[in-house]
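So the structure is just underneath, and the comments pick up after that.
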Amino acid sequence: MKITIVGLGVVGGSMAMALAQSGKHRIYGVDVDEATLDKAREMGIIEKEQLSLPEKLGDSELVILSIYPRDIAAFMQRHGSCLKPGTVVTDVAGIKGRYIDRIQAALPEGVDFVFGHPMAGREKRGIDFATAAVFQGANYILTPTPRNREESLCLVEALAREMGCKRVRRITPAFHDEIIAFTSQLTHAISVALVNSDIEGRDTGSFIGDSYRDLTRIANINPDLWSELFLGNKEYLLGAIENFEAQLDIIKDAVRQDDGEALRACFEKSSRRRQNLDV
């Protein structure tokens with residue numbers, strides 16, 4: 001298959017690596033940074049021919065947009081006319097509901113946009129930190145719309161599994177934004193808050209173990225992207241934060257009142273629910 005990946009940062013670059021490993025595809029790369037394109041060519045994960053953007057898009061059967069959510073509709077408005085009928089376009093954006101109508105309004109006749117979200121990434125930015133390994137065993141989410149063709153959905157599902165993803169789920173855009181507010185955006189908010197709550201100047205790094213490392217890894221965050229994700233999904237995220245605060249208050253009150261039974265009940269519940277996640 002001929003595939004164009006727009007945006008060869010850590011996610012787009014990782015997808016290029018994962019898809020290039022099979023040797024089944026011709027992969028074109030698009031990026032605003034010429035150095036990134038040069039590196040991707042040197043790595044052998046994209047085609048070396050320096051075609052124009054319209055030529056790459058017009059020659060592709062699948063286009064993957066690994067760009068900021070706010071830029072997707074504008075990209076389709078500007079470049080959608082380059083796509084031939086039958087082309088499938090997909091994205092990797094972490095929020096859906098706010099943008100779907102605008103993106104679909106920009107689609108040319110015969111082009112099918114499958115909204116997708118690989119639950120795999122890294123806290124680092126750029127192609128230097130891309131790796132195909134992030135997709136091994138990962139989850140991949142599709143949010144179908146009534147306009148999608150079944151064969152287009154199956155195409156993206158098959159590619160997700162080819163990259164190494166373990167589970168591919170189809171859910172509504174609204175449920176996507178609700179559950180991602182909890183599993184992704186809330187976890188980033190907690191990590192950021194934990195790091196920022198530290199007392200300055202006490203050499204914390206000399207005293208951390210795996211628990212602190214694991215909880216704070218994602219605090220090394222892309223400010224522009226995550227500000228957009230938080231604000232673009234604020235209703236669901238605020239609800240997730242409030243639910244978390246309520247649970248933290250239960251622990252805080254139990255500690256304040258020396259209530260060991262309440263603490264044990266919290267810990268037993270969390271242990272049981274965490275174990276169930278691995279089933």
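None of the values given here were measured: they were computed from a predicted structure. For reference, positions follow the sequence shown, starting with 1.
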If you look at every heavy atom in [X] and [Y], which pair is closest and at what distance?
| X | Y | value |
| --- | --- | --- |
| Ser14 | Ala130 | OG-CA, 3.4 Å |
| Val114 | Val88 | CG2-CG1, 4.0 Å |
| Gly86 | Arg149 | O-NH2, 3.7 Å |
| Ile67 | Val6 | CG2-O, 3.6 Å |
| Ala40 | Leu8 | CB-CD1, 4.0 Å |
| Ala120 | Ala138 | CB-CB, 4.0 Å |

Does any N or O in the side chain of [X] come within less than 3.5 Å of the main-chain N or O of [Y], such that one atom is a donor and the other an acceptor?
| X | Y | value |
| --- | --- | --- |
| Thr216 | Ser191 | no |
| Ser152 | Asn148 | no |
| Ser227 | Asp224 | no |
| Lys96 | Leu142 | no |

Exercise. Taking only residues at least two apart or on different chains, which pairs with a member in residues 161-187 satisfy ring pair (Phe, Tyr, Trp, His ring centres under 6.0 Å)?
Worked result: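 Output for this query lists His117-His176.
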Tell me, do [X] and [Y] make a side-chain contact under 4.5 Å, heavy atoms counted?
| X | Y | value |
| --- | --- | --- |
| Ile180 | Ile95 | no |
| Ile141 | Thr143 | yes |
| Ile100 | Phe115 | yes |
| Asn233 | Arg98 | no |
| Val10 | Ile127 | no |
| Thr87 | Val63 | yes |
| Met163 | Tyr140 | yes |
| Val255 | Leu263 | yes |

Under 4.0 Å between a Lys/Arg side-chain N and an Asp/Glu carboxylate O for [X] and [Y]?
| X | Y | answer |
| --- | --- | --- |
| Arg170 | Glu150 | yes |
| Lys56 | Glu47 | no |
| Glu49 | Arg26 | yes |

Exercise. Is there a side-chain contact (heavy atoms from CB on, under 4.5 Å) between Val192 and Ile221 once you walk through the steps?
Worked result: CA-CA 8 Å; Val192 168; Ile221 197 168; 4.2 Å; yes
Exercise. Can Glu261 and Arg264 be said to form a salt bridge (Lys or Arg N to Asp or Glu O under 4.0 Å), step by step?
Worked result: CA-CA 5 Å; Glu261 286 299 317; Arg264 278 190 290 274; 2.5 Å; yes
Joint cluster assignment, [X] & [Y], ILVMFWY side-chain distance < 4.5 Å:
| X | Y | result |
| --- | --- | --- |
| Leu194 | Ile218 | no |
| Leu53 | Leu65 | yes |
| Ile179 | Leu186 | no |
| Val168 | Leu19 | yes |
| Met43 | Val11 | yes |

Within the supplied structure, the quantity of interest is the number of heavy atoms (other residues, nucleotides, ligands) at a distance under 6.0 Å from [X] [atom1]; does it exceed 12?
| X | atom1 | answer |
| --- | --- | --- |
| Arg169 | CZ | no |
| Glu235 | CD | no |
| Lys84 | NZ | yes |

Are [X] and [Y] linked by a side-chain donor-acceptor pair shorter than 3.5 Å?
| X | Y | result |
| --- | --- | --- |
| His25 | Glu162 | yes |
| Tyr68 | Asn222 | yes |
| Ser52 | Glu55 | yes |
| Thr145 | Gln104 | yes |

Spacing of [atom1] belonging to [X] relative to [atom2] belonging to [Y], to within rounding of 0.5 Å:
| X | Y | atom1 | atom2 | answer |
| --- | --- | --- | --- | --- |
| Arg41 | Thr36 | CZ | OG1 | 10.5 Å |
| Lys39 | Asp31 | NZ | CG | 13.5 Å |
| Ile3 | Lys24 | CD1 | NZ | 10.5 Å |
| Tyr99 | Asp177 | OH | CG | 10.5 Å |
| Thr4 | Glu61 | OG1 | CD | 10.0 Å |
| Ile72 | Asp91 | CD1 | CG | 4.5 Å |

Exercise. With His188, which residues qualify under ring pair (Phe, Tyr, Trp, His ring centres under 6.0 Å), at least two apart?
Worked result: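 His188: ring pair (Phe, Tyr, Trp, His ring centres under 6.0 Å) contacts with Trp226.
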For this session: For salt bridge (Lys or Arg N to Asp or Glu O under 4.0 Å), just list the numbers for Lys2 and Asp59, CA-CA rounded to whole Å, side-chain angles, deciding distance to a tenth of an Å, and then say yes or no.
Result: CA-CA 7 Å; Lys2 294 177 181 177; Asp59 196 36; 3.2 Å; yes
Exercise. Testing Ile45, Ile64, Leu62, Ile46 for side-chain contact (heavy atoms from CB on, under 4.5 Å) with Ile27, which one passes?
Worked result: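 Exactly one candidate clears the test, Ile46.
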